[in-house]
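In what follows, a single structure is set out as structure tokens and then discussed.
The structure presented is a predicted model; accordingly, all values stated were derived computationally and were not measured. In what follows, chains carry the letters A, B, and so on, assigned in the order in which the sequence lines appear, proteins first and then strands, with residues in each chain numbered from 1.
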Amino acid sequence: MDKFVTRHRKRSAVETDEWKTEEPLKKYKEECEVEEEFSQPIPWQKIEAEGLDCDYSLLFDKEEADYFFNQLEEEVEYFTGDKAKLQVYGKTYSIPRKQATYGDEGLMYSFSGVQLLAKPWTSTLEHIRDAVTKATGHMFNFVLINRYNDGHDHIGEHRDDERELDPACPIASVSLGAARDFVFRHRDARTGSGKRPIEPVKLELAHGSLLLMNYPTNTYWYHSLPVRKKVKMPRINLTFRRIVKNKQKTGIKTE
DNA sequence: GCTAGAGCAGAGGT
DNA sequence: AACCTCTGCTCTAG
């Protein structure tokens, strides 16, 4: 039996034409203004296990999420060429997804051994970032964007490199587009000696959802976005982070 | 309901 | 942190 914490709460609208209008942005801005006056916290779902501490919520309703998805599809410039490749066991592969990075001016980060400069925030990304800040109380100076074209695109099990991240600031993962399964596995439940029978924690990341990964989740738990061949539509994932300047080194991978 | 085959998902090796 | 292979599970057409 699956133990998914959440199931499709809302049907994805990516397969419809509903978002092809300017109305959602107007409505979103109006709602932001209303929220200023009648601000009430969004409902969070706590996800906990040994050494794992996450919070999950629906940050955007379907209309807002559709709008942001569409905007990002038009705006985001993903890496191509060598920057979209990766060496594993001596072989070069194209990474099974698309990636892009945006952030505060001058922020450097390392990826697959190459130092790159974060692109400047777009207005859409600033909107989303500010919504996340408003919902969480945390500020972010960097976002890594992963685009999964369909259920064949995926990311393998990994932990985020915390050495250049501010551990007091959670990683905030916003999902837009197709809902995808997301799996946490405790490091001690993986292969090798000293293996312990710790159940994986599985969730489904819905269109418009926000997953906060709090300390010390990334110390003990690996996470992945597994292949799901039945998924035919794209998903865009934004992981907002706080990078500590002068502490930057290698190996950001994300979800 | 039952069965056989296809396809999917997960684990381990490289 | 990628793919490949192997194994076991689930789904479905007949």
Side-chain angles (χ1 to χ4, degrees), chain A residues 1-8 12 15 47 49-52 78-101 109-116 142-165 171 173 175 177-206 211 213 216-239 241 243 248-255:
Chain A
M1 274 294 287
D2 286 338
K3 293 184 180 173
F4 289 104
V5 175
T6 55
R7 279 286 168 195
H8 305 269
S12 169
E15 42 196 298
I47 300 166
E50 175 188 330
L52 183 147
Y78 294 96
F79 296 133
T80 58
D82 288 344
K83 297 185 185 72
K85 290 186 172 62
L86 163 65
Q87 275 218 339
V88 181
Y89 282 95
K91 289 184 183 174
T92 301
Y93 298 101
S94 293
I95 58 173
R97 59 191 172 278
K98 285 183 173 178
Q99 296 183 314
T101 52
Y109 67 97
S110 304
F111 200 95
S112 300
V114 191
Q115 282 255 321
L116 295 161
F142 183 84
V143 62
L144 180 48
I145 305 177
N146 278 276
R147 184 184 186 279
Y148 303 88
N149 192 243
D150 58 31
H152 292 93
D153 276 1
H154 64 281
I155 193 166
E157 227 173 48
H158 68 284
R159 291 178 295 173
D160 290 314
D161 181 8
E162 295 189 317
R163 287 167 289 189
E164 61 186 329
L165 300 175
I171 294 173
S173 170
S175 296
R180 288 289 294 266
D181 291 344
F182 186 76
V183 181
F184 286 104
R185 270 217 301 167
H186 195 286
R187 67 181 185 189
D188 295 348
R190 305 170 85 233
T191 183
S193 59
K195 187 172 175 177
R196 292 196 291 148
I198 304 171
E199 282 297 301
V201 174
K202 303 180 178 186
L203 23 155
E204 188 185 59
L205 301 179
L211 177 69
M213 289 181 267
T217 303
N218 265 117
T219 305
Y220 299 108
W221 293 77
Y222 286 71
H223 55 269
S224 65
L225 192 85
V227 168
R228 288 291 178 268
K229 299 194 176 179
K230 289 168 199 161
V231 175
K232 306 298 183 191
M233 300 299 291
R235 166 176 181 264
I236 297 174
N237 177 68
L238 314 168
T239 42
R241 300 143 183 273
I243 292 179
Q248 294 161 221
K249 47 182 310 240
T250 57
I252 297 177
K253 189 174 177 178
T254 190
E255 187 38 61

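- Note: CD (A/E199) to P (B/dG10) measures 13 Å, nearest angstrom.
- Put simply, CD on A/E204 is 13 Å from P on B/dA9, counting in whole angstrom units.
- We find that NZ of A/K230 is positioned 17 Å from P of B/dA6, with the value rounded to whole Å.
- The distance from atom CZ of A/R190 to atom C1' of B/dG13 is 14 Å, rounded to the nearest whole Å.
- Within the structure, a side-chain polar atom (N or O) of A/K202 is placed less than 4.0 Å from OP1 or OP2 of B/dG10.
- Between B/dA9, C/dA1, B/dG10, one nucleotide has an atom nearer to the side chain of A/P226 than all others, and that is B/dG10.
- In this structure, A/Y89 packs face-to-face on the six-membered ring of C/dA1, meeting both the 5.5 Å centre cutoff and the 30° plane limit.
- A 4.5 Å side-chain heavy-atom check between A/I155 and A/R97 finds at least one atom pair inside the cut-off.
- A/K229 has its NZ atom 12 Å from the P atom of B/dG10, to the nearest Å.
- A salt bridge is absent between A/R228 and A/E204; no separation between the charged side-chain nitrogens and carboxylate oxygens falls under 4.0 Å.
- When each of B/dG10, B/dC8, C/dA2 is scored by its nearest atom to the side-chain atoms of A/R228, the top-ranked nucleotide is B/dG10.
- Judged by distance alone, the side chains of A/S175 and A/R235 do bring a donor and an acceptor atom under 3.5 Å apart.
- Protein atom CD of A/Q99 is 10 Å distant from nucleotide atom P of C/dA1, rounded to whole Å.
- Using a 4.0 Å cut-off, some side-chain N or O of A/H154 falls inside it from OP1 or OP2 of C/dC3.
- Nucleotide B/dG10 holds its C1' atom 15 Å from the CG atom of A/L225, rounded to whole Å.
- Protein atom CG of A/N146 is 13 Å distant from nucleotide atom C1' of C/dA1, rounded to whole Å.
- Contact between A/F79 and A/A84 at its shortest, heavy atoms only, is O-CB, 3.8 Å.
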